[in-house]
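Shown next, in structure tokens, is the structure this report addresses.
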There are 2 protein chains.
Amino acid sequence: MAEAKFEVIKRHITAKIESKAWAENAKVPSENELALKFNVSRMTARRALQDLTEQGLLKRTQGLGTFVACLKTQSSVLKIRNIADEIQQRGHQHQAHVISLSAIKAPTAIGIALELTPNAQVFHSQLVHCENDIPLQLEDRYVNALLVPKYLEQDFSQMTPHVYLSQIAPLTEARHTIEAISPSEAQCKLLQLDNFEPCLQITRHTYSAVGVVSVARITCPGSRYRLESHITI
Amino acid sequence: MAEAKFEVIKRHITAKIESKAWAENAKVPSENELALKFNVSRMTARRALQDLTEQGLLKRTQGLGTFVACLKTQSSVLKIRNIADEIQQRGHQHQAHVISLSAIKAPTAIGIALELTPNAQVFHSQLVHCENDIPLQLEDRYVNALLVPKYLEQDFSQMTPHVYLSQIAPLTEARHTIEAISPSEAQCKLLQLDNFEPCLQITRHTYSAVGVVSVARITCPGSRYRLESHITI
DNA sequence: AAGTGGTCTAGACCACTTG
DNA sequence: AAGTGGTCTAGACCACTTG
């Protein structure tokens, strides 16, 4: 199928709203009007309105109609930045220590996340990122070996895996999970923590047009690192 | 209309998953099977599966089938969501227990954050939000008394402070800081934690057109709550 | 080839809001 | 009474996955 009809209608409405041709709270054409205009069934017009409503762009009331919702209620500005840039911007020194870099059999969960066949090989890297020689992040990364065949040949003390991967397979999508955890003994050692303090753990799945590129687990001591997000409505 | 047929099917599937009768990644009956079993059209069965997929309970692959998704408490950093809505969307019960609600002299840091004169009064509320009677969040909030004079008269077991504040002074901006911390003894007691496990702490500053409305500190046990964010580029 | 989900149609009846 | 969104049907064709 070339392109779904409801997608065309969605794009049309979205364009109207983004160009301010339809203001906030303005009335949007009804299901019947859209069906007529786009020469589709009412169910297809409805699908477009429904999708945009769930997306937060429209709001609907039975008997009344469909209206443009208040804009930008959800704007993503959780920045998870390249750690090297972030440290340099603070005027500090960034060092990356490569703890390990090898090909391994994919752990089950990783294999599933990377959409690999069972027992496939993946590349695994483990780095400690330091700010002025103090460990700030432990980066455990699993990389799709099919998509990034030369991963093991890189020198990640010079260029972070994130930067390298962005060059090889530009990101189209990222998912983050943020948790508070107790670090393992091994993690404490690498992060030079003697008190098992709580850590932020960010699990990041990155996608490019060709597939799932990598899964990274980033562990940061709670006392040394925090995330910030800023939302404007 | 008494109750929508697709709601009945959704409830049936949700019950199967919550009772662990259907495990993670288990195959869910196909649209055709459900249509036959519930004596509805395929479109109606589809609607139930579709809703639960968007809700994150199921995942679907064309040609393969529909499966139980991995369950875990999830949220989004991108949206400022109401915790009550979030819990209800999972089909669970939300309870809010008001621990305290009073006027106090602003602690220095809070006074500065709220842009008040020294020694000004602020309203302080402390709530525990539960999901099916299990504490999920401890909410400590300081509110600008000049902007929200009737804060103390509200019943926050019925309406969350966030919802009330949004009505009084619509948000224009929010800042979040996300950290991993060790909970204090008092926090452990309120959250019914016996192991001092790491907690996510989200500090949220909210702004409206008229000024800084409130500063909230939200503490969530790491084992019960995590944040998720999704970025499309 | 058979089963799956994805899209789509042309109808239907309903509950709700407005004039 | 006319228009709106909400639910539902019984079909159809398609793309995708598996044996």
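Computed from a predicted structure; not experimentally measured. Chain naming here is simple, since letters A, B, ... match the order of the sequence lines and numbering starts at 1 in each.
- Within residues 44-53 of chain A, the residues that place at least one heavy atom under 4.0 Å from DNA chain C are, in residue-number order, A:T44, A:R47.
- Qualifying salt bridge (Lys or Arg N to Asp or Glu O under 4.0 Å) partners for A:E31, counting only residues two or more places apart in sequence or in other chains: A:R42, A:R46, A:R60.
- Applying the side chain to side chain contact (heavy atoms under 4.5 Å, CB included) test to A:A21 and every residue at least two apart in sequence or in another chain returns A:K16, A:S19.
- With sequence neighbours excluded, the residues satisfying ring pair (Phe, Tyr, Trp, His ring centres under 6.0 Å) with A:Y142 are A:H124.
- Scanning for side chain to side chain contact (heavy atoms under 4.5 Å, CB included) contacts around B:E33 gives B:P29, B:S30, with sequence neighbours left out.
- Sorted by first and then second residue, the pairs that involve residues 35-65 of chain A and meet ring pair (Phe, Tyr, Trp, His ring centres under 6.0 Å), not counting sequence neighbours, are A:H12-A:F38.
- Taking the ring pair (Phe, Tyr, Trp, His ring centres under 6.0 Å) definition, one finds that A:F6 meets it with nothing, sequence neighbours left out.
- A:D51 meets the salt bridge (Lys or Arg N to Asp or Glu O under 4.0 Å) test with A:K10, A:R47; sequence neighbours excluded.
- With a 3.5 Å limit on both pairing distances and Watson-Crick or G-U wobble geometry required, the stems of 3 or more pairs in DNA chain D span C:1-16 with D:3-18.
- Across residues 6-16 of chain A, not one residue has a non-hydrogen atom less than 4.0 Å from an atom of DNA chain D.
- When the side-chain hydrogen bond (donor to acceptor under 3.5 Å, both in side chains) test is applied to B:K37, no partner is found at least two apart in sequence or on another chain.
- Qualifying side-chain hydrogen bond (donor to acceptor under 3.5 Å, both in side chains) partners for B:T160, counting only residues two or more places apart in sequence or in other chains: B:N82.
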